[in-house]
There are 2 protein chains.
Amino acid sequence: MSGEDNLLKLVEVEEPEEHDYLLQEQVGFILRKAHQRHVSIFAAHIGDLTPPQFAALAKLRDVGETSQNQLGTLIAMDAATVKGVIDRLKARGLVELSKHEGDKRRLLVNLTAEGRDAIERLIPLAREITRETLAPLSAKEIATFMKLLAKLA
Amino acid sequence: MSGEDNLLKLVEVEEPEEHDYLLQEQVGFILRKAHQRHVSIFAAHIGDLTPPQFAALAKLRDVGETSQNQLGTLIAMDAATVKGVIDRLKARGLVELSKHEGDKRRLLVNLTAEGRDAIERLIPLAREITRETLAPLSAKEIATFMKLLAKLA
DNA sequence: GGAAATTCATTCGTATGCAAATGATATCAA
DNA sequence: TTGATATCATTTGCATACGAATGAATTTCC
């Protein structure tokens with residue numbers, strides 16, 4: 001467990017990491033693929049809402065009325081991005097907008113009754129999506145993975 | 001430290017997972033954030049090329065000339081998406097296109113001399129990007145994480 | 001050999017995602 | 001108080017990402 005490893009180390013140390021760069025072994029590439037797979041699983045269960053749209057509704061359910069910018073911060077979305085997401089949810093009657101009294105810059109967002117119904121209805125599906133995404137891992141692996149993934153995010 | 005906890009457990013066990021759905025603990029959400037962080041690190045090191053563009057060049061370096069579709073498969077990209085990526089690389093003179101003799105459907109893609117120079121020059125930066133993305137983890141954690149992430153992708 | 005199915009590439013439409021610029025409003029500080 | 005800063009939201013431009021439809025060429029299979 002030690003002699004051979006040390007020998008290898010002595011040899012390899014000569015040329016560190018010259019020509020080999022394998023794209024398919026880089027975190028970024030695999031991270032992108034894992035994300036793709038999740039989005040695909042999401043779409044298979046929840047066809048008429050995207051993950052960002054779902055995130056917005058789910059977070060509004062948690063925190064209630066907030067400003068558009070604040071909501072963006074909570075769901076890790078750029079101001080420009082969150083605007084588009086909220087616009088589409090508004091067009092579908094799932095959220096409603098109002099002006100903040102006292103601060104005329106702020107645009108308040110909240111769930112409509114329909115939006116609240118929708119998110120409550122979708123949450124069980126979201127649990128299943130999480131389950132299916134993590135299905136290749138054992139319970140213990142899931143715990144480990146989530147801990148490490150959280151460190152990276 | 002124990003009596004109260006046990007009491008709480010006995011109470012909570014009645015309803016398993018009713019109302020609590022925490023977006024910020026779901027794989028999909030954290031996966032998206034981890035991916036965002038990586039793209040940001042990438043942009044900080046390689047400003048004039050996106051991760052998908054880099055992936056296309058890196059893979060062409062590995063496999064040499066291939067069809068556009070085949071390249072898309074190798075770097076996990078939709079036919080429509082890969083077209084846009086290749087178009088932009090071509091506009092910058094990093095790849096060149098040619099017709100496949102024998103199969104008139106296929107569009108062959110290859111690195112130009114300039115493209116080859118670029119990817120060779122960028123690979124050291126890419127190694128640094130990988131390193132920085134994984135910096136929050138120890139060496140042992142990295143090994144574990146990569147193994148589990150690969151299972152999910 | 002020829003119809004049916006498959007593959008390759010393109011195009012269109014929609015939805016993130018982010019940088020940068022802009023305008024309106026609020027806050028801070030001299 | 002007012003001038004500098006900061007915050008909130010919007011807009012524009014560019015780059016993925018993917019479903020669906022289309023057309024051209026190839027392969028399959030009876």
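Chain A is the first sequence line, chain B the second, and so forth, proteins listed ahead of strands; every chain is numbered from 1. We use all heavy atoms of the structure for the numbers below, so side chains are in, but hydrogens, waters and symmetry mates are not.
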For Val39(B), which contact category applies under a 4.0 Å heavy-atom criterion: base, sugar-phosphate, or nothing?
nothing
Show the nearest heavy-atom pair for residues Glu141(B) and Leu137(B), with the distance to one decimal.
OE1-CA, 3.3 Å
Protein-nucleotide distance (Leu49(B), atom CG; dA19(C), atom C1'), rounded to Å
17 Å
Which part of the nucleic acid, if any, lies within reach of Gly47(B) when heavy atoms closer than 4.0 Å are counted: base, sugar-phosphate only, or nothing?
nothing
Calculate the interatomic distance between Phe42(A) atom CZ and dT16(C) atom P; express it in whole Å.
10 Å
Under 3.5 Å, is there a donor-acceptor pair linking the side chains of Glu96(A) and Thr112(A)?
no
Listed nucleotide nearest any side-chain atom of Gln36(A), set dA15(C), dC18(D), dT16(D)
dC18(D)
Rounded to the nearest angstrom, tell me the gap between atom CD1 in Ile86(B) and atom P in dA17(D).
13 Å
Spacing of His38(A) atom NE2 relative to dA17(D) atom C1', expressed in whole Å:
16 Å
Gap between atoms CZ and C1', on Arg32(B) and dG17(C) respectively (whole Å):
9 Å
Scan Gly72(A) against the nucleic acid and name what it touches under 4.0 Å (heavy atoms): base, sugar-phosphate only, or nothing.
nothing
Would you call Arg92(B)-Asp48(B) a salt bridge at under 4.0 Å N-O?
yes
Once base and sugar-phosphate atoms are separated, protein heavy atoms under 4.0 Å mark nucleotides 4-11 of chain C, 5' to 3', with B, S and - as ---BSSBB
When Lys104(B) and Thr81(B) are each assigned the nearest nucleotide of DNA chain D, the 5'-most assignment goes to Thr81(B)
Rounded to the nearest Å, what distance is computed from the NE2 atom of residue His100(A) to the C1' atom of nucleotide dT7(D)?
13 Å
Quick check on the helix from dG1(C)-dC30(D) to dA30(C)-dT1(D): what's the angle between its two end axes, five base pairs per end, to the nearest 10°?
20°
Is any side-chain N of the basic residue among Arg106(A) and Asp103(A) closer than 4.0 Å to the acidic one's carboxylate O?
yes
Assign Thr50(A) to base, sugar-phosphate, or nothing according to its heavy-atom contacts below 4.0 angstrom with the strands shown.
sugar-phosphate
Between P on dA15(D) and CD1 on Ile46(B), what's the gap in Å once rounded to a whole number?
16 Å
